[in-house]
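Everything on this sheet refers to the single structure shown next.
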Amino acid sequence: MAELRKDEKIIQLVNVTKAFDETVAVENVSFYVRKGEFITFLGPSGCGKTTTLRMIAGFDIPTSGKILLNGQDITNLPPNKRPVNTVFQRYALFPHLNIYDNIAFGLKLKKVPVTYMNDKGEKYVKMQKLTRREIDEKVKNALAVVDLEGFEKRAVSTLSGGQQQRVAIARAIVNEPEILLLDEPLGALDLKMRKEMQIELKEMHRKLGITFIYVTHDQEEALTMSDTIVVMKDGCIQQIGTPTAIYNEPANAFVADFIGDSNIFNGTIVGKLTVRFCNRNFKCVDDFEKNEKVDVVVRPEDIKMTDEDSGMLVGRVTSVVFKGVHYEITAMVGRSEVVIQSTQSRNVGDVIGLVIEPDDIHIMKKELTVNKYDGYITKKNTVVFGDGEFECDVTKLYPGSHLDEEGYLVTADGEKLDLTDMDVSVEVGLQDIELSDNADEGGARGHIVQLIYKGDHYQYIVRTEENEEDYVLDSPDLWNENDYVSVKIRPENIRLALKQEKQNG
Amino acid sequence: MVKFHFSRKQLCIPYALFLILFVIIPMLLILFYAFTETVDGMIRFSFANFVNFFTSTAKLSTLLMSFTVAIISTAICLLIAYPLAYILARSKFKRKNVLLMLFILPMWINFVLRITALRELLDLIGLLGTQNYLNTIIGMVYDFLPFMILPLYTTLEKLDNSYLEAAADLGGNKFTVFTKVTFPLSMPGVISGITMVFMPSMTNYVVSDTLSNFNITILGKLIDQYFTTYDNWHMGSMISIILLVIIFITMLVTGGFKDGKQEARGANLW
């Protein structure tokens, strides 16, 4: 057999798309798997990870694109013709066969070339089935690998979930596939069992040396076991990388949020290696274009607590939860919530300083589709955000509610609420902001700091003076940089959502 | 005031009464009649009926006739129903219940009416009076086909697709997936279908009488004749008992009696 090269691509997906009727499950996915690698597809349910696996197994045929195995096109090959075996999510052990026959199922169907000598001394090759002895031997070895010696005659239904799992693995590996596909194989096991199996699977991967493609929605499982992780969302690949790279350098806010706990802030690049979030400028290590809108990700364990005076940010502790190894402390910094993990505890109500090192600030480019702000409702039922005050429709916060003549909100159930000072998150679309040169006309005022021509319209960024809040807007009208303008938003275009319910009888 | 306490057990009383009156007592009566004979107005214990049955060529040939009719009808039903149930159950067609309904619909029409209509149809194409045996089989198949389709459809419909995928994954082509997984796993449906068709086809003499112009005699007919025409309850009861034993044996053979799990049943024939 030829020497295996570690960097050999065993399987490659090229622009693969899979659509079921109207819904697209996997969209234009391309990646490759190296020989001998343990690769994990990670993502929330419905992200297309299982469909991708099923296309590699041959259960689903891609709508478009190609799948190459060792460089050969196998896109339309049926599952029985692929040197690939699957461990199913619910095991799919044949209930009418005992353990031996389940594991021997593939072996009994298999034909191998055997070389014979004919009378004239010429060699010829015949495809022939494995002998009973060979099958016995292989089944025995497979059972030994999964630690189930002596289980041959048992019925499937007499086995526990964990044992059935092992049989399913034995049934797959006994065929010596080039690739082993595992579709959330540990999903049905309890936590302790799952941890044990994770280690065993990893060990098996090391011993067998075959390629493992693993599907899970459990980020911890993915981080523990994989050589490479493919993070998926809505049928698209978000990031491919080693567990360390994915954890430390998430490609976007989704990956950051999905892998581990994260604080995600809306930020703006305000200068060379400087990012602004939580009303403060921070030094950072990622180089981005000035004025770019970014997601800033900070891991809870990377935020250090100090006293009020020496912190870069100051916050008030709102909750402290003991998590075993560490405390999870939540603090309000201005109107943003920050989660901190620390071995030290604090008391609720403490005012603390927070320090974030430049290395721990992960910045990701954001596809800006909407302006997001943290705001609050005033006594006059207007909303304050982004250094401005705007008319809005507060009744949208509670479906079916209305305002009474004193300005209290009456909910659909007849409950009377005082919305004053209630925290809300505010979203305003890029098309929903208008500019005016009359400073009193709009809710907020600022200078145009940037304009970009986008083909049929301009995109402007208006920055306020006080807290340097930005308004990003699309407009067909032409303004000049540094124009002092006011920002107008129609009440119906201000989308409000409650941050937390505040009861005020 | 007297309070009535109904325990759950007491709810069984109506059924128990029914069971005793209409099942146990009649069974005992049949047993009694089967192993007795009336001589000069006196009833006495006897094996005469038993011996008589197995020495009479006429009766044995009736038994054989019933057997062949039932076996052939059941086999044809299975051959027609299995592919149909398979296609219906495995298809992605959204309204397959409607299709299934079309096949079940004949059951809603009165049985005698259906057989009479079939008789007219057979008459029209010239089979009536010439092909008595064939007509009887056609009648049985026509009548009992839905009883074969339903259990097959139910089992195949519930069959988890991942078993079939696993079989294909392990190297099975379409044919081996079917013979090694689909069919064995549908055995519970096959068995209940066979039971539902085989037993009535041995006894339903309305079909054979109507479609063969009384030329084909099956066991059910024989029992009827002994009770009504010959007024010989002893022989009639004996034939009933023999029929009962035959059915019991059939069920044992097909494994329908085993109350093990589905998978065990499926494995029995393989």
Side-chain angles (χ1 to χ4, degrees), chain A residues 20-21 50 53-54 56-60 77-98 101-112 129-130 142 154-158 164 167-177 179-184, chain B residues 82 86 89-96 151-152 154-194 254-270:
Chain A
F20 296 101
D21 299 329
T50 296
L53 191 84
R54 289 174 58 82
I56 297 173
F59 304 136
D60 287 329
L77 213 60
N80 55 319
K81 298 261 195 306
R82 301 186 184 203
V84 165
N85 285 114
T86 310
V87 176
F88 290 83
Q89 192 167 6
R90 308 222 52 101
Y91 321 139
L93 297 177
F94 304 123
H96 61 296
L97 302 176
N98 65 18
D101 288 328
N102 259 289
I103 297 175
F105 193 94
L107 296 175
K108 286 179 181 169
L109 296 171
K110 203 174 188 174
K111 280 187 176 163
V112 288
K129 290 200 168 186
L130 294 168
R154 295 273 291 269
V156 171
S157 54
T158 63
Q164 291 193 22
V167 175
I169 294 169
R171 184 177 69 173
I173 59 172
V174 78
N175 302 296
E176 294 157 24
I179 304 173
L180 184 68
L181 306 175
L182 302 110
D183 184 6
E184 306 218 13
Chain B
Y82 202 103
Y86 183 85
R90 310 303 304 166
S91 79
K92 294 202 172 75
F93 185 57
K94 285 194 187 79
R95 299 212 173 274
K96 50 188 175 184
L152 281 176
T154 325
T155 349
L156 286 168
E157 153 96 318
K158 276 190 294 189
L159 187 63
D160 190 344
N161 207 31
S162 63
Y163 292 134
L164 312 188
E165 285 179 351
D169 186 69
L170 293 166
N173 58 28
K174 287 210 165 84
F175 180 73
T176 43
V177 169
F178 179 80
T179 54
K180 296 216 181 276
V181 178
T182 315
F183 192 67
L185 287 180
S186 66
M187 274 320 276
V190 173
I191 286 166
S192 55
I194 288 176
T254 51
F257 238 66
K258 202 170 175 180
D259 42 24
K261 291 180 191 100
Q262 283 197 351
E263 46 261 42
R265 255 196 250 171
N268 257 353
L269 283 194
W270 287 87

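Numbered from 1 within each chain, the chains take letters A, B, ... in sequence-line order. This is a predicted model, so every value here is computed, not measured.
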- Query: Where on A:Arg90 is there a heavy atom nearer than 4.5 Å to chain B: the side chain, the backbone, both, or neither?
  - Reply: neither
- Do A:Phe94 and B:Leu170 come close enough that some side-chain heavy atom pair is under 4.5 Å? yes
- A:Glu176 meets the side chain to side chain contact (heavy atoms under 4.5 Å, CB included) criterion, sequence neighbours left out, with A:Lys138
- Item | Shortest non-hydrogen contact from A:Ala92 toward B:Ser162 | CB-OG, 3.5 Å
- Item | Part of A:Asn85 lying under 4.5 Å from any heavy atom of chain B | both
- Query: If every non-hydrogen atom of A:His96 is compared with every non-hydrogen atom of B:Lys180, which pair is closest and at what distance?
  - Reply: NE2-O, 2.8 Å
- Message: Report which part of A:Leu181 has an atom under 4.5 Å of a heavy atom belonging to chain B: side chain, backbone, both, or neither.
- Response: neither
- Message: Looking at B:Arg90, I'd like to know if its CZ atom is crowded, meaning that more than 12 non-hydrogen atoms belonging to other residues, nucleotides or ligands lie closer than 6.0 Å.
- Response: yes
- Item | Under the side chain to side chain donor-acceptor pair (under 3.5 Å) test, residues paired with B:Thr176 that sit two or more places apart | B:Asn173
- Query: For A:Ala57 and B:Asp169, which heavy atoms make the closest approach, and how far apart are they?
  - Reply: CB-OD1, 4.5 Å
